[in-house]
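This structure is a prediction, so every number in the text was calculated from the model and none was measured. As the structure lists them, so they are numbered: ligands from 1, and atoms in each ligand from 1.
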Amino acid sequence: MALHYKIGFIGAGNMTQAIIRGLLEAQALTSSHIFASNRSPGKLQKVTDTWKINALSTNEAVVDAADIIILAMKPQDMNTALDPLISAFRDKQVVISLAAGVPLATLEKKLPNCRIVRAMPNTPAILRKGVTGYLTSEPDPGLESLTEDIFSPLGTVLQVGDEEQLDALMISCSSGVGFVYELMMYFQDWIEERGFDTQTARKMVVETFLGASALAVQQKDQPLEELQSKVTSKKGVTAAGLESMRELEIERLLRYSFEKAALRNQELAKQT
Ligand SMILES: NC(=O)c1ccc[n+]([C@@H]2O[C@H](COP(=O)([O-])OP(=O)(O)OC[C@H]3O[C@@H](n4cnc5c(N)ncnc54)[C@H](OP(=O)(O)O)[C@@H]3O)[C@@H](O)[C@H]2O)c1
């Protein structure tokens, strides 16, 4: 079912492009209902050429044209983008910020008359396989269902309880996409070292991750441990590998990396 909202993107970078593509391919919105501006003209031209959306030359024009404004610039560009725009927003206009590390309280201080949501999507939204977390400062069923309308065509949508949970979702699901590729590269390197060419090794890894995920999706009531036990016979090959992973405390190392990412997120939040 097509949404009737007019959605405006300030910033036409990677995340905006992923969301636009996901929404259009899901036929959740028509391109005539999408507006965008960007600091430099190149990306905006590309987005317009590809999806025939409405490119506008100023951020003010986007705020004016759309019902819902998505702030899709990097966190460090937020103040420069938003400060000159503040008077352009209408009373109760919906603003959805994608910026990591910019708390709701900061946005609400800048735009006290707007209805504000923080949303954290990830790039598989392009394929409508994304995970988007969102947070509003207080319960607002209208705003919550509107946010779910926009992001559910792009995959799974989860309302989180507080900013700490939104950060955890960002690290595990948005940065998490990068972490998963890192693991995939380790697999691929190992396979290539055994004589497989790059393309074949890549395919073997990607299909293994995809297959494992698809099984977990299909058998959603089974804990992951049970799915794992199905490929692990006692004293067998998989068991030996898993035992070594546990002895090497790979979980502890990964947790450490997650915490490092969380610290960096806090540092960036302080800078903005
Ligand atoms: N990428 C992800 O996986 C992901 C996941 C979750 C959340 N996010 C969040 O989504 C936001 C966008 O990330 P991204 O990866 O899409 O970044 P990006 O590719 O760098 O896109 C940001 C865009 O904002 C534009 N911009 C900067 N200042 C502007 C201004 N004053 N007015 C209009 N446009 C302006 C930039 O224009 P130029 O062309 O001039 O650089 C750029 O095209 C970030 O806040 C990020 O934290 C990203």
Checklist outcome for this item: protein heavy-atom neighbour closest to atom 19 (O) of ligand 1 works out as Asn14 N, 2.9 Å
Checklist outcome for this item: For atom 11 (C) of ligand 1, the closest protein heavy atom turns out to be Met73 O, 3.6 Å
Checklist entry - For atom 41 (O) of ligand 1, which protein heavy atom lies nearest, and how many Å away is it? => result Arg39 NH2, 3.0 Å
Checklist entry - Going by distance only, is there an N or O of Thr16 that falls short of 3.5 Å from an N or O of ligand 1? => result no
Checklist entry - When only distance counts, is Asn38 in polar contact with ligand 1, meaning an N/O pair under 3.5 Å? => result yes
Checklist entry - Is there at least one pair of N or O atoms, one from Ser40 and one from ligand 1, spaced under 3.5 Å apart? => result yes
Expected list for residues 55-73: side-chain donor-acceptor pairs under 3.5 angstrom, two or more places apart:
{"residue": "Thr58", "atom": "OG1", "partner": "Ala61", "partner atom": "N", "Å": "3.1"}
{"residue": "Asn59", "atom": "OD1", "partner": "Ser37", "partner atom": "OG", "Å": "2.6"}
{"residue": "Asp67", "atom": "OD2", "partner": "Lys6", "partner atom": "N", "Å": "2.8"}

Checklist outcome for this item: Sorted by chain and number, sequence neighbours left out, side chain to side chain contact (heavy atoms under 4.5 Å, CB included) with Ser152 holds for Val157
Checklist entry - Is Glu192 paired with Arg202 through a side-chain N to carboxylate O contact shorter than 4.0 Å? => result no
Item to check | Under 3.5 Å: donor-acceptor pair, side chain of Arg118, backbone of Val102 | outcome: yes
Checklist entry - Which residue and non-hydrogen atom of the protein lie closest to atom 15 (O) of ligand 1, and at what distance in Å? => result Lys74 NZ, 3.5 Å
Checklist entry - Short N/O distance, under 3.5 Å, between Met15 and ligand 1? => result yes
Item to check | N or O contact, Ile10 vs ligand 1, cut-off under 3.5 Å | outcome: no
Next on the checklist: Assess the residue pair Arg264 and Glu267 against the criterion (salt bridge (Lys or Arg N to Asp or Glu O under 4.0 Å)); give the C-alpha distance rounded to whole Å, side-chain angles, the decisive distance to 0.1 Å, and a yes or no.
Outcome noted: CA-CA 5 Å; Arg264 181 64 185 144; Glu267 276 169 23; 2.9 Å; yes
Checklist entry - What do you reckon, does Thr123 put a non-hydrogen atom under 4.0 Å from ligand 1? => result yes
Next on the checklist: Counting only nitrogen or oxygen atoms and a 3.5 angstrom limit, does Pro121 reach ligand 1?
Outcome noted: no
Item to check | Cationic N near anionic O, under 4.0 Å, Glu251 to Arg255 | outcome: yes
Checklist entry - Do you know the tightest heavy-atom contact between Pro103 and Glu163? => result CA-OE2, 3.2 Å
Item to check | Element-labelled atoms of ligand 1 that are located less than 4.0 Å from some non-hydrogen atom of Lys43 | outcome: 38 (P), 39 (O), 41 (O), 42 (C), 43 (O)
Checklist entry - Are any of the N/O atoms in Asn122 less than 3.5 Å from those in ligand 1? => result no
Checklist outcome for this item: Under 4.0 Å between heavy atoms, the region of Asp77 that gets near ligand 1 turns out to be side chain
Next on the checklist: Let me confirm one number: the CZ-CD1 distance from Phe258 to Ile171, rounded to the nearest 0.5 Å.
Outcome noted: 8.5 Å
Item to check | Closest contact, heavy atoms only, Thr16 versus Gly11 | outcome: OG1-O, 2.7 Å
Checklist outcome for this item: Among non-hydrogen protein atoms, atom 32 (N) of ligand 1 lies closest to Asn59 ND2, 3.0 Å
Checklist outcome for this item: Among non-hydrogen protein atoms, atom 46 (C) of ligand 1 lies closest to Leu98 O, 3.9 Å
Checklist entry - Can you list the ligand 1 atoms lying under 4.0 Å from a non-hydrogen atom of Ala81? => result 30 (C), 31 (N)
Item to check | For atom 21 (O) of ligand 1, the protein heavy atom that lies nearest, with its residue and separation | outcome: Gly13 CA, 3.2 Å
Checklist entry - Would you say the side chains of Glu144 and Tyr134 form a donor-acceptor pair under 3.5 Å? => result no
Item to check | Distance (rounded to the nearest 0.5 Å) between Tyr5 OH and Leu146 CG | outcome: 4.0 Å
Item to check | Under 4.0 Å to a heavy atom of Met120 - the qualifying atoms of ligand 1, by number | outcome: 6 (C), 7 (C)
Checklist entry - Arg115 and Leu143: which non-hydrogen atoms are nearest, and at how many Å? => result NH2-N, 3.5 Å
Item to check | Heavy atom of the protein closest to atom 22 (C) of ligand 1 (residue, atom name, distance) | outcome: Ala72 O, 3.4 Å
